[in-house]
*Asks:* 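Input: one structure, supplied below.
Just follow the structure's listing: the first ligand is 1, and inside any ligand the first atom is 1.
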Amino acid sequence: MIKYDFKTFMDIDGINDYNLYIHKIKERLKKEEGPDKFINIDKCITDKEIDKIIRVSKFIKNNCDVFLVIGVGGSYMGSKAIVSLFENKLKKDIEIIYTGYSFDSNNLANILEYIKNKKVIVNVISKSGNTLEINYTFSKVLEFMKDKYSDKELRKRIIVTTNKKTGKLLNIAKKNNYMKFNIPDISGRYSLLTAVGLLPMAVSGVDIIKLLEGYRLGAKNIEKCFIYAVIRDMLYKDGKKIEAFTIYDERFIYFNEWLKQLFAETQGKKKSGIFPISVFNTRDMHSLGQYFNEGENIFFSTVINVVNNKDVKILDKSLNKINNIAMLNIAKSYKMPSIIINMDRLNEKNIGNLIYFFMVSCAIGGYLMGINPYNQPGVNEYKRLIRESI
Ligand code: PA5
C-alpha cells in the first residue's frame, strides 16, 4: 500500500485556478491515444508478448552467467532502477550487467575482459535503433560474441529490442534472424513496462505480472497524480526551481536516477521546468543539508520512504524505526516544503503503482506547462551534434 502525504500544501491558495486545465487534460488522457496510451499498459503490450518475455527470461536464466543489457536513456534508466530495487531476487549464478550508456572505453574494456570466459546472452535495446552509444557498443559486443559462438548459437544469444519499422538495429536483427522484441510507438522514457524493461526485470527475478498489476492499480489513484502535478507547478511558480527526490533506502539510488531522467527530459523545455536532483539521506544531510537549510530558498523535496524493512536492533533500538524518525524530522525541520510518499513495504505491486504515479504525474505536469511531454528536442540536438563530430 502507498500513502501520499500532500497535507503541507492543501492550504495553498490557487489550487482551484487549475480546475479548467485539469478538466482538459483529463479529457485528453481519457482517450489513451498516441503517446498518451502509455497510461493504459494493455494498449502497449499484449498478453502474448508478456508470455514470450517470461519464456525467454527462463531460457536466459538457465543459459548464461552474464546477461549483458545495452541501452541508454529511456531504454536503460528505468530498467536499471527496478532491477536494482530487487537485487536480492536475482539467481545467485547469474549477473546482469548494463552497458552502452556512455562512451567510457575503460568501462567497456573491463566488461569485455570480465565476460571473456563466461556464458553470455546480450539484449540490445534502442527504440530508434540509431543511437550512437548503443550502436558502437553493440558493434564491439557483436564482434566479441561472433568470436565466441556459432551463427546458430547467436540466434539464441542476441536479443534485439527495437521498433518495428526502421533503424540500423532492426536491419541487423532481420539480416541475421536474431530474436526480436518490439518497442511500441510511445515515447522512450514512457516505454519502461514494455519489453524494454520487462525482459531484464523478468531475468532479474522481478514478478512482472505483479508489477503490471500494480501499474494498472495506479489508475485508481489518478487524482493523486493531478494533485502532485499541480503542487509542483505552483511551487515552481513560487520560486522553488529544484526538486530534491529524497530517499532513505539505498536500493532507490537508481530509482532516483530514473526520476531525474523522466522529469528532466519531459519538462525541461522552453527555458523553463523544475530541475530534479537526487538526495540519499541521511548521507546527504552531512553535505547538501547545509545548503538546504541555509542556502538559497529554491528547493522542495519529494520523499520516497519504505516503512517496513529488514531491521537491525542496536542497543535495543530498531534501526529501521530510527530511519523513519529521521525522515519525518528532517522533513519537518527542513526549510523546504516536502511531499512524502510512504509505502508499507518494497514489493512489485507497490513499485508498479509508483511507476504509474510518477509517469502519469510527469506527463500531466508537462501538459500544465503547455509543452509536449513526449518529445526531447534538446536530447536530439545532442545526438545530432555527436553524430556530426565523430
Ligand atoms: O526518452 C527518450 O526518448 C530518450 O531517453 C531515449 O530513450 C534515449 O535517447 C535512447 O534512445 P533510443 O532508445 O532510441 O536508443
*Asks:* Considering residues at least two apart in sequence or located in another chain, which fulfil the ring-ring contact (aromatic ring centres under 6.0 Å, His included) criterion with Y367?
*Replies:* none
*Asks:* What ring pair (Phe, Tyr, Trp, His ring centres under 6.0 Å) pairs are there with at least one residue in residues 261-282, not counting sequence neighbours?
*Replies:* F245-F263
*Asks:* Taking L217's backbone N and O only, do any of them form a donor-acceptor pair with N221's side chain (distance below 3.5 Å, no angle check)?
*Replies:* no
*Asks:* Going from CZ on F292 to CD1 on I242, what distance comes out if it is rounded to the nearest 0.5 angstrom?
*Replies:* 8.5 Å
*Asks:* Suppose we screen for side-chain contact (heavy atoms from CB on, under 4.5 Å). Which residues come up paired with K321, at least two apart in sequence or across chains?
*Replies:* S318
*Asks:* Give the residues near ligand 1 by chain and number, with the criterion being a heavy-atom distance under 4.0 Å.
*Replies:* V72, G73, G74, S75, S126, K127, S128, T131, G188, R189, Q261, E265, Q376, K383
*Asks:* Any Lys/Arg nitrogen of E381 or R384 sitting under 4.0 Å from an Asp/Glu carboxylate oxygen of the other?
*Replies:* yes
